[in-house]
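Below: one structure, written as structure tokens.
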Amino acid sequence: MSTPQLSHDPLWPRTGAWPSVATLAADETADLAIIGIPTWRTSLSATQAHTTPDAIRDALPRYAGHVRGANGASLVLDEALRIVDAGNITEPDAPSGEANAIATVADLATRARLIVALGGDNAATVPAALGAYGSDLATAGLITFDAHHDLRDGTSNGSPVRRLVEAGLDGSRIVQIGIADFANSIEYTQRANELGITIIHRDDVAERGMANVVAEALSIAGAAGGPIHVDIDVDVCDRSIAPACPASLPGGFSAHELLSAARLVARDARVRSVDLTEIDATTDAPDGRTIRLAALLVLQIAAGLADRT
Ligand SMILES: N=CN[C@@H](CCC(=O)O)C(=O)O
């Protein structure tokens, strides 16, 4: 996607003016660090999700960095936050690239209050979470917004939750929000139950409301006092608003449900990292709506961080 041509209005600064730096100097810190983890090679569905981090960056200039803050007052994101962009990891599907991604995210986690990892397919969740957890894996938690359990065998976009459990993450601190009917086999639902994973079905969210289920998820994922990673697989959204996600289904979350969820999780200081995954920017017909949603998710995550202070 090319950068949109937008008429210039000096009274309407856009978020595309955010600074972009390849690395942070040793003594530098930031509030929000963005990093691209463009995984795609092991995806079950054909995808070019490696094009997505740059497409999201290109879409950010569409939007103003002004939001209503948690207290109702105006909030200007780039005045409230120092935001840095650490660029993209090279070949993160290769074992050496994944190790580099883990190390890079771990380094960013020591200097930034919150990390946003732009996938890539859902395989990006593994290095994003492991890097952010660092040595706190034993007390860490995970919240997924995803139609799928992602507990498959092997290494793919369908296996990140299983891989994190095998790395040492306790299933009792994993919460899966938005699990959909007709999107998972009974074997993987049974596997989730055996691991002690909390499943919040898409229908439960409709009944209980997003704010209530996010509050419950934060309390379960944060129960041991460790860092929480949030995986936002955009295929949890209704297919009409996420056509660029190969596995999105009709009946998924609305844009407002997912945007409000992103803001709510980012408000919580226990959340150290968030990833956005599963969008193939090259299939985003008719109007780039999935990438626009992803750009707004980045902005709502930033706004949630700004709400903390
Ligand atoms: N995170 C996505 N998981 C899906 C992927 C399906 C696909 O790529 O088609 C799953 O495991 O079913």
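Both counts, for ligands and for their atoms, begin at 1 and track the order of listing.
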Review point. Can a donor-acceptor pair be found between the side chains of N100 and T104 at a distance below 3.5 Å?
Key: yes

Present, as a list of atom pairs with distances to 0.1 Å, all nitrogen or oxygen contacts under 3.5 Å between ligand 1 and the protein.
residue, atom, partner, partner atom, Å
ligand 1, 1 (N), N122, OD1, 2.9
ligand 1, 1 (N), D150, OD1, 3.0
ligand 1, 1 (N), D150, OD2, 3.1
ligand 1, 1 (N), N157, O, 3.2
ligand 1, 1 (N), D233, OD2, 2.9
ligand 1, 3 (N), D150, OD1, 2.9
ligand 1, 8 (O), S45, N, 3.1
ligand 1, 8 (O), S45, OG, 3.3
ligand 1, 8 (O), N157, ND2, 2.9
ligand 1, 9 (O), S45, OG, 2.4
ligand 1, 11 (O), R152, NE, 2.8
ligand 1, 11 (O), R152, NH2, 3.4
ligand 1, 12 (O), R152, NH2, 2.7

Point to revise | Sidechain-backbone polar pair: R113 side chain, R272 backbone, donor-acceptor under 3.5 Å | key: no

Exercise for review: Taking only Lys NZ, Arg NE, NH1 and NH2, and the carboxylate oxygens of Asp or Glu, determine whether R289 and D284 approach each other closer than 4.0 Å.
Suggested key: no

Check your understanding: Is the shortest side-chain N to carboxylate O distance from E207 to R202 below 4.0 Å?
Key -> no

Exercise for review: Answer yes or no: is there an ion pair linking R82 with D31, defined by an N-O contact shorter than 4.0 Å?
Suggested key: no

Point to revise | Residue among I279, L276, N88 satisfying side-chain contact (heavy atoms from CB on, under 4.5 Å) with L118 | key: L276

